[in-house]
Every structure is written in structure tokens, then in C-alpha cells.
Amino acid sequence: MPIFGGSSDSEEERTMHQQTKLFNRQRSIHSIFGGGKVADILLWREPKIAATLVIGVSLLWFLLEVVEYNFITLVCHASMTSMLLFFIWSTASDFLNWERPIIPEVVLDESSFKELATSFHDRFNQILSKLLDLACGRDPPLFFLTTISLYILSVIGTCINFMNLLFIGFVSMQTLPVMYEMYEDDVDRVASMLMRKMRKLYRKVDSNVLSKIPRGTVKSKKYA
């Protein structure tokens, strides 16, 4: 008897035109990311903040990786340059009747940090729960796909350093969700087609290889 008790080919054909959401999700992308300011930034609902983050992180990566700045040196030079600019601005404002620079007392309030931490905590719990379900064999095709993806990621990690990997991850986080939201129907259709093909391939392997592996009978214990 095959190990994987999936649906038959006829059932697969009947559901061929039924479009399902990626990972069988029921909520929108915005609500999955928390539905707050973090979700607005990731999905470019706040274009100025999102663009500032992308430009700032890209500039930091360029200085550290391309120019090969030391991080401590970069922080010190940036601090000295900022202090020098504020000093010149403050001094010139007394002679040229300019408005003196206003330095905000609070850059980010406490609620923003709490919202960001809560959002990442929820996403981490969801990912961990999904990985545990896959490890228990509840979705074998997706289990093999996840294993292959993690192996590819490990190979990529040996080819590039940690800083480049963080930069690629940040750029992906700022681009992939909004691109998926723009082309959601097309991505879901292609993903559903690939998952159906993987399930059919797994059933063939199950029926032709796995089901033919001899298994020993479990002997019941005899009690005196």
C-alpha cells in the first residue's frame, strides 16, 4: 500500500482550475505582516520611509563592502561629519539670520519598537510552527521542497559573506512581498500547478519504490 495517501489523479484534474492561495493562507499579505506600520513599510504603503530604508541600507552596504570601511571608523566619521555640519549651521545662523537646527528629542517612540518586535515574534512563531508540521510528515512534497531550499541556501551561504547575505535578505524582504502582492494571482496559479506536479511525482515514487520496500512484521509480546 502506498505510504502517501493523497488524492487521486482524477481529483487532481477536477481541482486543476481551482486556484488556491500560496501556503493555503486565508489572510491578506498586509495582515500576515501584522497590518501595522511594519506591514505598510514592507509593502511600500509608506513609500518615503521604505525608499529611505532601502537607500540607507544600500549606502551602508556600499561603504562597508565596496569601499571596505571599518564599521567603527564609519560610525566615528559619520558622527564627526554630522557634528561639524551642525556646528557650521548653528554658527552661520547667528550671522545670516538662518533658522537654527532643531534636533528632535525622540526619534522613535517606544510603541514603534514594541510593534516591530511583536511583528517579528509572530512571524518567527508561524515559521517555526510550519517547519515542525513539515518535519512531522504532514505534507511530504512541501517537506522535500523545503529541504532542497534550505540546502541551496546553505550552499549560497558558503559562497558569500554574512554582510552580503544580510543585504540580499533585506532587499528581498523589501521587494518580494510587494511584487507578490502586485502579481498575486499569477504567482498563486503557478505555485498551485507546481505543487500538483510534485504531488503526482511523489505518488509515482511512492507506488514504484517506497511501497515495494520490504517491512518486517511487528511481533506482539507474549505474556506468561
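The nearest pair of heavy atoms linking Ser172 to Pro177 is O-CD, 3.5 Å. Residues Val178 and Leu43 approach most closely at CG2-O, 3.7 Å, considering heavy atoms.
Val66 is connected to Ile72 through a chain of hydrophobic side-chain contacts under 4.5 Å among Ile, Leu, Val, Met, Phe, Trp and Tyr, so both are in one cluster. Under the 4.5 Å side-chain heavy-atom criterion for ILVMFWY residues, a single connected hydrophobic cluster contains both Met163 and Val57. Met182 and Leu176 are members of different hydrophobic clusters when ILVMFWY side chains are connected at heavy-atom separations under 4.5 Å. A chain of hydrophobic side-chain contacts below 4.5 Å, direct or via other Ile, Leu, Val, Met, Phe, Trp or Tyr residues, connects Leu53 to Phe62. The hydrophobic clustering, which links ILVMFWY residues whose side-chain heavy atoms are closer than 4.5 Å, places Val67 and Leu59 together.
We find the CG-CD1 distance between Leu60 and Ile55 to be 13.5 Å, quoted to the nearest 0.5 Å. One finds the CG atom of Leu64 at 10.5 Å from the CD atom of Glu68 (value rounded to the nearest 0.5 Å). Taken to the nearest 0.5 Å, the OG atom of Ser149 stands 13.0 Å off from the CZ atom of Phe144. For the atom pair OG1 of Thr158 and CG of Leu153, the computed distance is 10.0 Å after rounding to the nearest 0.5 Å.
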After noting the C-alpha distance and the side-chain angles of Met83 and Met80, does the key distance pass the side chain to side chain contact (heavy atoms under 4.5 Å, CB included) rule?
CA-CA 5 Å; Met83 292 177 63; Met80 289 189 300; 5.8 Å; no
Quick one: do Asp186 and Val190 satisfy side chain to side chain contact (heavy atoms under 4.5 Å, CB included)? Show the steps, please.
CA-CA 6 Å; Asp186 296 332; Val190 174; 5.6 Å; no
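Counting non-hydrogen atoms of neighbouring residues, nucleotides and ligands closer than 6.0 angstrom, the CE atom of Met173 exceeds 12 such neighbours.
With sequence neighbours excluded, the residues forming a ring pair (Phe, Tyr, Trp, His ring centres under 6.0 Å) with His77 are Tyr69, listed by chain and number. In this structure Val54 satisfies the side chain to side chain contact (heavy atoms under 4.5 Å, CB included) test together with Trp44, Ser58, Phe170, Gln174, sequence neighbours excluded. Legend: residues meeting side chain to side chain donor-acceptor pair (under 3.5 Å) with Asn164, ordered by chain and number and at least two apart, are Trp61, Asn161.
At least one side-chain heavy atom of Thr146 sits under 4.5 Å from a side-chain heavy atom of Leu150. Residues Asp40 and His30 meet the side-chain proximity criterion, which asks for heavy atoms closer than 4.5 Å.
A donor-acceptor contact shorter than 3.5 Å links the side chain of Ser93 to the backbone of Ser90.
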